[in-house]
Amino acid sequence: MINPRQKGLLAGANFVMINVTSVPYRGFCSIYPGRAHGEESVTVQVQETVTLLKSLGRVPMDVGMVREYR
């Protein structure tokens, strides 16, 4: 099954937006209600997104991660 991030990237998206708000506080500042991955920790979201990008032959380009993938 294709997840929402994979679907977006395959459709031409050039970035993925990860929710970095701590899970207990997300309800107070949700600007996209019902968003996918809403209950996942930041760590899980980053790990899954990096795995997804690698599976699609793409390289994560976050400033803190660039050195690791060059």
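When every heavy atom of Val20 is checked against every heavy atom of Val42, the shortest pair comes out as CA-CG2, 3.6 Å. Contact detail for Glu40 and Arg5: the closest heavy-atom pair is OE1-NH1, 4.3 Å. The two residues Leu56 and Gln6 make their nearest non-hydrogen contact at CD2-NE2, 4.3 Å.
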Should Leu9 and Asn14 be marked as a side-chain contact (heavy atoms from CB on, under 4.5 Å) after you check the CA-CA gap, both sets of side-chain angles, and the distance that decides it?
CA-CA 6 Å; Leu9 290 166; Asn14 60 359; over 6 Å; no
Show the numbers, then the answer: is there a side-chain contact (heavy atoms from CB on, under 4.5 Å) between Ile18 and Val46?
CA-CA 7 Å; Ile18 296 173; Val46 169; 4.1 Å; yes
Using side-chain contact (heavy atoms from CB on, under 4.5 Å), reason through Asn3 and Leu52 one step at a time and then give a plain yes or no.
CA-CA 10 Å; Asn3 72 43; Leu52 171 61; 4.2 Å; yes
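Thr51 pairs by the side chain to side chain contact (heavy atoms under 4.5 Å, CB included) definition with nothing, not counting sequence neighbours.
Note: Ser41 OG to Glu48 CD = 8.5 Å, rounded to the nearest 0.5 Å.
Other residues sharing the hydrophobic cluster of Tyr25, ordered by chain and number and joined by side-chain separations under 4.5 Å: Phe28.
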